[in-house]
Amino acid sequence: MANAFGRIIDGTDLSVDAAELRGFIHRDYLKHCLVWSHIAQYLRLKGRYKTARILDVGCGSDLPLARVLHTNRLLVDDYVGIDYNPASKFTDHKFGSMEVHTHGNCIFPRDVKLNKDGTYEIKKNGEKHVAPNFITNFEVLEHVQSKHAVSMMKAFHKLASASPDGCEVFTSTPCWNVKDTAKNHVN
């Protein structure tokens with residue numbers, strides 16, 4: 001099933017810069033801000049941010065979760081952001097002493113390989129990371145076909161199971177009825 005634009009994967013990317021140009025911030029962006037703040041607060045309260053290895057699936061080109069973490073001085077051990085949008089929108093960043101690894105034009109789980117040694121790698125460049133202990137996936141599943149969404153959830157479980165110190169998965173989708181769904185939603 002494709003969305004109204006004929007896409008089977010929709011690469012919608014909310015940007016605060018684009019919002020400023022339009023003159024208003026979309027309600028979805030505000031919701032995202034609450035979610036990113038929740039993750040930051042959760043990591044801080046649990047005292048786990050220093051050892052957090054985050055895989056952010058659908059990270060967005062602005063890297064808002066990484067920015068929220070950095071702004072709140074929650075420098076995580078490893079942050080990997082992957083996104084379907086073009087690789088040209090992404091560059092590795094360094095927020096203070098927190099390195100941020102980003103991979104655009106990356107389809108999860110197709111482009112991520114779990115290794116037998118408890119690491120995973122991004123197939124396009126072979127970059128390896130220890131299996132994540134936090135996986136985030138906010139407002140992505142509705143932008144891929146149902147079958148793809150199921151494969152993503154299975155891959156989250158597989159990656160989480162491989163983590164040497166346990167893993168928590170945070171995911172969300174909008175709460176809409178079918179007749180009022182956004183035109184860019186595939187699923």
Go through F108 and F156 one step at a time and tell me if the ring-ring contact (aromatic ring centres under 6.0 Å, His included) criterion holds.
CA-CA 10 Å; F108 184 85; F156 292 155; 5.2 Å; yes
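- The shortest heavy-atom contact between L159 and P132 is CD2-CD, 4.1 Å.
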Derivation and outcome, side chain to side chain contact (heavy atoms under 4.5 Å, CB included), residues V112 and I122
CA-CA 5 Å; V112 176; I122 309 304; 4.0 Å; yes
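- Counting heavy-atom neighbours within 6.0 Å of K124 NZ, excluding the residue itself, gives a total above 12.
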Stepwise side chain to side chain contact (heavy atoms under 4.5 Å, CB included) test for S61 and N85:
CA-CA 8 Å; S61 60; N85 283 296; 5.9 Å; no
Could you pull out every donor-acceptor pair under 3.5 Å between side chains of residues 65-77 and any protein atom, sequence neighbours left out?
{"residue": "R67", "atom": "NE", "partner": "D62", "partner atom": "O", "Å": "2.5"}
{"residue": "T71", "atom": "OG1", "partner": "R67", "partner atom": "O", "Å": "2.7"}
{"residue": "N72", "atom": "ND2", "partner": "V68", "partner atom": "O", "Å": "2.8"}

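- Annotation: side chain of I107 is in contact with side chain of R110 (closest heavy-atom distance under 4.5 Å).
- Pairs passing the salt bridge (Lys or Arg N to Asp or Glu O under 4.0 Å) check and including a residue from residues 129-138, sequence neighbours excluded, do not occur.
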Evaluation steps, side chain to side chain contact (heavy atoms under 4.5 Å, CB included), between L63 and V100
CA-CA 9 Å; L63 305 174; V100 174; 3.9 Å; yes
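- The closest side-chain heavy-atom distance from H101 to E127 is below 4.5 Å.
- Applying the ring-ring contact (aromatic ring centres under 6.0 Å, His included) test to F134 and every residue at least two apart in sequence or in another chain returns nothing.
- Around atom NZ of K123, more than 12 heavy atoms belonging to other residues, nucleotides or ligands sit under 6.0 Å away.
- With sequence neighbours excluded, the residues that form a side-chain contact (heavy atoms from CB on, under 4.5 Å) with S151 are P109, H148.
- Nearest approach of G58 to D83, heavy atoms of both residues: C-OD2, 3.3 Å.
- For the atom pair I135 CD1 and H157 NE2, the distance stands at 10.5 Å (nearest 0.5 Å).
- Every pair passing salt bridge (Lys or Arg N to Asp or Glu O under 4.0 Å) that includes a residue from residues 45-59 is listed here, sequence neighbours excluded: R48-E168, R53-D165.
- Annotation: the span from M98 atom CE to Y79 atom OH amounts to 7.5 Å, rounded to 0.5 Å.
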Show the numbers, then the answer: is there a side chain to side chain contact (heavy atoms under 4.5 Å, CB included) between N125 and H103?
CA-CA 9 Å; N125 63 9; H103 304 278; 3.3 Å; yes
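- For the residue pair P64 and C59, the shortest heavy atom distance occurs at CD-O, 3.3 Å.
- You'll find the ring centres of F170 and Y42 inside the 6.0 Å limit.
- For T119, the side-chain contact (heavy atoms from CB on, under 4.5 Å) criterion is met by N115, D117, K128, not counting sequence neighbours.
- A side-chain contact (heavy atoms from CB on, under 4.5 Å) with L55 holds for exactly one of N133, D78, N137, V80; it is V80.
- With hydrogens and angles disregarded, no donor-acceptor distance shorter than 3.5 Å links the side chain of S172 to the backbone of F138.
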